[in-house]
Peer 1: 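Take a look at the following structure, please.
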Amino acid sequence: MLDVDASQHVRVLIEDGGLLAVIELAPTLPPGSLDEMTAQALVQTRGVQINDKVLAAIREAVTLARDAPDPNGPRRVVIARGTQAVHGEPGRLEFCPGFDPRDRERRLTQAAEGLTTQNQSGVTEPDTHQASDQASVPAMSTQGDSVTRIDHYTKGLFTLARPGERIATVHPPLVGLDGADVTGRTILARQGVKLRLILDDSLLLTPQGELFAQRAGVVEHAPPLVRVSQVISIPGSIDFATGHVDFPGTVVVGRTVTDGFRLTAARDVVVHGLVEAAELRAGRDGQFHGGVASKEKGRVAVGRDCTCKYLNNADAVIGRDLRVSKEIINSRLSVGRALLSPVACITGGYVRAGDRVEIAELGSEAGVSTVLELAIIGELAGPIAQAEALLPQMIKRREKLVAQLEPLRKFAGKLKAGDAEKLTELEFEYRRVIDKIGPIEQRLQRLRDLLEAQTSVDVTVYGRIHAKVQLVTPGFTVDFIKELRGPVRITAHSRSAKPKLCTPDGKPSGDLTHYARVRKLDSLSAARAA
């Protein structure tokens, strides 16, 4: 049995948060004074669970206590170890290469910083402001005897997700395993939680945790929302840092679309800076807050409506309405419906609008030649174009059939069986073509008559119309020979009706021939020729 004072020389310690139990033998413990029963009682007093491994460790401590003590310090014997809890891990989202939005945002941020004259490796980068005359000429680098073409206009700024393409994997949470300390107390493990996701119809999540794109666009992740967005925002300019941009949605540009670059969007385009001599196409609407200065090289095409600060030497086609807040200078424009810019001026160039124009001023005091063409076509344009394209084809087919039939008809009674059969087939095809030509000609004439009846002119000028301004309509040309002060409205409700002067509310206000030469045109085609 242990001496009365032995409890002062042997301790059972619980360490490491209950994961470690140790018998500590003090240097003052007399050799052979510790027996197994006493040691086990001390261990049980501390609450350590007794099992075969613990009993074996106690016997090891008792054996060690028979030896002479170590004068340098206490001797320690580990008698039990607990089991650490294995914590679970939450579910996570792993993007496929190229689709992590953080990578795209980093590239966009770098592009927004613009190009420097030298990159970190000391290589001079192209100057974006000198690119307009070199857009079609790629740079070249020479390696040995080979020449490699480097197209600085084409870069992969972002990875486009396509319908049916896997963009990410959703990993389930990992289950946690509870542990236990040396006393048998359970150490609870944190359980992994399911990843919270909000998905819209742009993504499909399979039972296997795979995320597939359901439409074209770029991947956005604003936890918990994940989606394929059809809007891409470029904080900087479209230049050598970005390359050309072709996107099946809406593109928002924070700065400039520079010379020689292409920007194509299936939906809308918003440019907060200047549009230079670039190729720009918007399937729907366009907003150009900084204006368009194409230098007679670039081209703008907008499928629906367009708003713009100004147009300078621009070549643009607008599907519906155009609104300009400042001026239109030396530009060639085609506006499908209305030009509604009551505070803007048109100086020089050629502007065609579908039905209505509201403008502050036409021409300039310097007498710059300015042409404005008006004609309503509307829904008749498509059917007329189809009929006009089909009729020559049918006439050509008729002439070809006649050339094939004439020699066969001359010898109709002497033809061999094969030639007689061919004659029958050609006669049938000829009658079928003839039966089609007549209705097409009649339909085309009805459409042209209807178009002529619907053609009208409606131009409102709030400031002045200067000399050398020409107004072209399907029925007349109006050449201004002296200044006409507004506000004034010029209207004509059919092709045959002579344009007349009115007040903005439609009341007659004078004779147009006092200010312009009005000449009647003989045909619709003569209007465009004028």
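Numbering starts at 1 and runs along the sequence shown. If you're wondering where the values come from, they're calculated on a predicted model, not measured in any experiment.
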Peer 1: Return yes when atom CZ of R397 has more than 12 non-hydrogen atoms of other residues, nucleotides or ligands closer than 6.0 Å, and no otherwise.
Peer 2: yes

Peer 1: Indicate yes or no: does D315 engage R332 in a salt bridge with an N to O separation below 4.0 Å.
Peer 2: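 No.
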
Peer 1: Is there a donor-acceptor pair under 3.5 Å between the side chain of T370 and the backbone N or O of V368?
Peer 2: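 Judged by distance alone, yes, a pair lies under 3.5 Å.
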
Peer 1: Any ion pair linking R432 and E429 (charged N to carboxylate O, less than 4.0 Å)?
Peer 2: yes

Peer 1: Could you tell me whether the side chain of R104 reaches within less than 4.5 Å of the side chain of E220, counting heavy atoms only?
Peer 2: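 The answer is yes, as the side chains (C-beta and beyond) meet within the 4.5 Å cut-off.
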
Peer 1: Give a yes or no on whether the backbone of A314 and the side-chain of S331 come within a donor-acceptor separation of less than 3.5 Å.
Peer 2: yes

Peer 1: Any chance you could measure Q287, atom CD, to K309, atom NZ, to the nearest 0.5 Å?
Peer 2: 15.0 Å

Peer 1: Distance-only, no hydrogens or angles: does the D305 side chain make a donor-acceptor pair with backbone N or O of D321 under 3.5 Å?
Peer 2: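 At least one qualifying donor-acceptor pair exists.
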
Peer 1: Measure the shortest side-chain to side-chain distance between L322 and L311 over non-hydrogen atoms and say whether it is less than 4.5 angstrom.
Peer 2: yes

Peer 1: Shortest non-hydrogen contact from F247 to S229?
Peer 2: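 For F247 and S229, the tightest heavy-atom pair comes out as CZ-O, 3.8 Å.
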
Peer 1: How far apart are the closest heavy atoms of V251 and A265, and which atoms are they?
Peer 2: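 Closest pair (atom of V251, atom of A265, distance): CG2-CB, 3.9 Å.
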
Peer 1: Pair L362, F480 - check side-chain contact (heavy atoms from CB on, under 4.5 Å), show working.
Peer 2: CA-CA 10 Å; L362 280 174; F480 285 87; over 6 Å; no

Peer 1: Is the backbone of A366 close enough, under 3.5 Å, to the side chain of K468 for a donor and an acceptor to pair up by distance?
Peer 2: no

Peer 1: Working to the nearest 0.5 Å, report the span between CD1 of I167 and CD of Q214.
Peer 2: 10.5 Å

Peer 1: Closest heavy-atom contact between L426 and Q404?
Peer 2: CD2-OE1, 3.7 Å

Peer 1: Between the side chains of R299 and E279, is the shortest nitrogen-to-carboxylate-oxygen separation below 4.0 Å, so that they form an ion pair?
Peer 2: no

Peer 1: Taking all atoms of both residues into account, what is the closest heavy-atom pair of T159 and F99, and its distance?
Peer 2: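 Closest approach of T159 to F99: CG2-CE2, 3.5 Å.
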
Peer 1: Hey, does the side chain of D268 reach the backbone of D285 with a donor-acceptor pair shorter than 3.5 angstrom?
Peer 2: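 The answer is yes, because a donor-acceptor pair under 3.5 Å joins these two groups.
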
Peer 1: Any chance you could lay out the side-chain contact (heavy atoms from CB on, under 4.5 Å) test for I329 and Y310, step after step, and finish with the verdict?
Peer 2: CA-CA 8 Å; I329 301 176; Y310 66 86; over 6 Å; no

Peer 1: State which residue, out of V459, L372, L471, I490, fulfils the side chain to side chain contact (heavy atoms under 4.5 Å, CB included) condition with I465.
Peer 2: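 Of V459, L372, L471, I490, side chain to side chain contact (heavy atoms under 4.5 Å, CB included) with I465 is met by I490 alone.
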
Peer 1: Find the distance between NZ (K520) and OG1 (T473) and round it off to the nearest 0.5 Å.
Peer 2: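 K520 NZ to T473 OG1: 11.0 Å, rounded to 0.5 Å.
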
Peer 1: Hey, would you say the F261 and F240 ring centroids sit under 6.0 Å apart?
Peer 2: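 Ring-ring flag for F261/F240: true, centres closer than 6.0 Å.
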
Peer 1: Answer with yes or no whether the side chains of R255 and T258 bring together a donor and an acceptor at under 3.5 Å.
Peer 2: no

Peer 1: May I ask you to test the L339-I346 pair for a side-chain heavy-atom distance under 4.5 Å?
Peer 2: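 The answer is yes; the side chains approach within 4.5 Å.
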
Peer 1: If we ignore hydrogens and angles and just use 3.5 Å, is the side chain of H221 paired with the main-chain N or O of P101 as donor and acceptor?
Peer 2: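 A pair under 3.5 Å: no.
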
Peer 1: Determine whether L93 and L211 make a side-chain contact, defined as any pair of heavy atoms from C-beta on separated by less than 4.5 Å.
Peer 2: yes

Peer 1: A side-chain contact here means heavy atoms from C-beta on lying under 4.5 Å apart; do V478 and P499 qualify?
Peer 2: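 Side-chain contact under 4.5 Å: yes.
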
Peer 1: Keeping the roles fixed (side chain from R464, backbone from E483), state whether a donor-acceptor pair exists under 3.5 Å.
Peer 2: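 Looks like no, no N/O pair under 3.5 Å.
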
Peer 1: Take T491 and K500 through the test side-chain contact (heavy atoms from CB on, under 4.5 Å) and record every step on the way to the result.
Peer 2: CA-CA 6 Å; T491 62; K500 61 181 181 179; 3.7 Å; yes

Peer 1: Got E276 and T256 here, is their nearest side-chain heavy-atom distance under 4.5 Å?
Peer 2: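 In contact.
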
Peer 1: Less than 4.5 Å apart, side chain to side chain, heavy atoms only: is that true for V351 and V357?
Peer 2: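 With C-beta onward as the side chain, the pair stays apart.
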
Peer 1: Work out which heavy atom in R215 is nearest to a heavy atom in V228; give both atom names and the distance.
Peer 2: NH2-O, 2.7 Å

Peer 1: Return the OG1 to CZ distance between T264 and R262, rounded to the nearest 0.5 Å.
Peer 2: 7.0 Å

Peer 1: Check the pair T424 / E427 against side-chain contact (heavy atoms from CB on, under 4.5 Å), numbers first and verdict last.
Peer 2: CA-CA 5 Å; T424 302; E427 290 284 8; 5.8 Å; no

Peer 1: To the nearest 0.5 Å, what is the distance between SG (C308) and CZ (R323)?
Peer 2: 13.0 Å

Peer 1: List the atom of P248, the atom of A216, and the distance in Å for their closest heavy-atom pair.
Peer 2: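 Result for this residue pair: CG-CB, 3.6 Å.
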
Peer 1: In plain terms, say whether D458 and R356 are close enough for a salt bridge, that is, a side-chain N and a carboxylate O under 4.0 Å apart.
Peer 2: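 Not counted as a salt bridge, because no side-chain N and carboxylate O are separated by less than 4.0 Å.
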
Peer 1: So how far is it from E373 CD to Q470 CD, rounded to the nearest 0.5 Å?
Peer 2: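 Atom-to-atom, E373:CD and Q470:CD are 9.5 Å apart.
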
Peer 1: Do the non-hydrogen side-chain atoms of V253 and V275 ever get within less than 4.5 Å of each other?
Peer 2: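 Not touching, per the 4.5 Å side-chain cut-off.
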
